[in-house]
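A short write-up of the structure that comes next.
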Amino acid sequence: LNFSKVELRYKSTFSSGVHSVSPSVHFGFGDGTMPLSEQFSLGGEDMFYGKREDEERGRQIAVTSLEYRIKSPMNLFFDTYISTRYDMGAVWENFSTIKFSGLKHGLGIALQLDTPLGIAKVSVGRSIYFITNPDGAVRGPVLGYFSIGTKL
């Protein structure tokens, strides 16, 4: 079965001394025949704090992130970094259901070590959803993440 999929990802890092700022965007659009295995996923330590890996799937995606990282003056055996990241985005099943009022927000903090086996990272994050009836915010659970080694 044929399907169409268009995806744009951009990430840049600006550094000055021990400080780094990394903005990123990810947009993707697929048609109604896109199979589940090809759909866009949202969640995980590297994509959206406060959600489990691949927690949400859909044929349309819009995600933007802003990360701030600083090199710690104290090393824990290896070069050590502390970072925080703010994520905003969502996935949708159909193009007609895209509503920017439904964007989700995620915030997290991480401790990262540059080890000989690759990057070791421990982080925690929480998602936030804004609702209109009643007005307010719904906070998701605090999720912990751990990864080590090179991403394949």
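The chain is numbered in sequence order, starting from 1.
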Taking all atoms of both residues into account, what is the closest heavy-atom pair of [X] and [Y], and its distance?
X      : Y      : result
Thr115 : Ala120 : CG2-CB, 4.0 Å
Ser41  : Asp54  : OG-OD1, 2.7 Å
Phe78  : Pro116 : CE2-CD, 3.3 Å
Asn2   : Thr33  : O-OG1, 3.0 Å
Leu42  : Ala90  : CD2-CA, 3.9 Å
Arg52  : Glu55  : N-OE1, 2.7 Å

Heavy-atom check, side chain of [X] versus side chain of [Y], under 4.5 Å:
X      : Y      : answer
Phe48  : Lys104 : yes
Lys11  : Ser22  : yes
Pro35  : Phe3   : yes
Leu76  : Leu111 : yes
Leu107 : Thr84  : yes
Val25  : Val63  : no
Ile119 : Asp114 : yes

Could you walk me through whether Glu45 and Phe146 pass side-chain contact (heavy atoms from CB on, under 4.5 Å), step by step? CA-CA 8 Å; Glu45 179 181 40; Phe146 175 74; over 6 Å; no
Have [X] and [Y] got a donor and an acceptor in their side chains that come within less than 3.5 Å?
X      : Y     : value
Ser96  : Asn94 : no
Tyr68  : His19 : yes
His105 : Tyr86 : yes
Ser20  : Thr13 : no

Answer yes if [X] and [Y] sit in the same cluster of Ile, Leu, Val, Met, Phe, Trp and Tyr residues linked by side chain heavy atoms under 4.5 Å apart, and no otherwise.
X      : Y      : result
Val21  : Tyr81  : no
Val142 : Ile128 : no
Val138 : Tyr49  : no
Phe40  : Tyr10  : no
Leu8   : Leu66  : no

Would you compute the distance between atom [atom1] of [X] and atom [atom2] of [Y] and round it to the nearest 0.5 angstrom?
X      : Y      : atom1 : atom2 : value
Ile61  : Trp92  : CD1   : CH2   : 8.5 Å
Leu143 : Ser127 : CG    : OG    : 7.0 Å
Thr80  : Leu113 : OG1   : CG    : 4.5 Å

Does Phe130 CZ have over 12 foreign heavy atoms under 6.0 Å away?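 Enclosed: over 12 neighbouring heavy atoms sit under 6.0 Å from CZ of Phe130.
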Check the pair Ser83 / Gln112 against side-chain hydrogen bond (donor to acceptor under 3.5 Å, both in side chains), numbers first and verdict last. CA-CA 8 Å; Ser83 66; Gln112 177 180 319; 5.3 Å; no
Can you see whether Phe29 has Arg59 sitting over its ring - NZ or CZ less than 6.0 Å from the centre and within 45° of the normal?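 Not flagged: Arg59 not positioned over aromatic ring of Phe29.
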Salt bridge check: are [X] and [Y] linked by an N-O gap of less than 4.0 Å?
X     : Y      : result
Glu93 : Arg57  : no
Glu67 : Arg69  : no
Arg85 : Asp87  : yes
Asp46 : Lys121 : yes

Take Phe27 and Gln60 through the test side-chain contact (heavy atoms from CB on, under 4.5 Å) and record every step on the way to the result. CA-CA 8 Å; Phe27 294 106; Gln60 327 299 324; over 6 Å; no
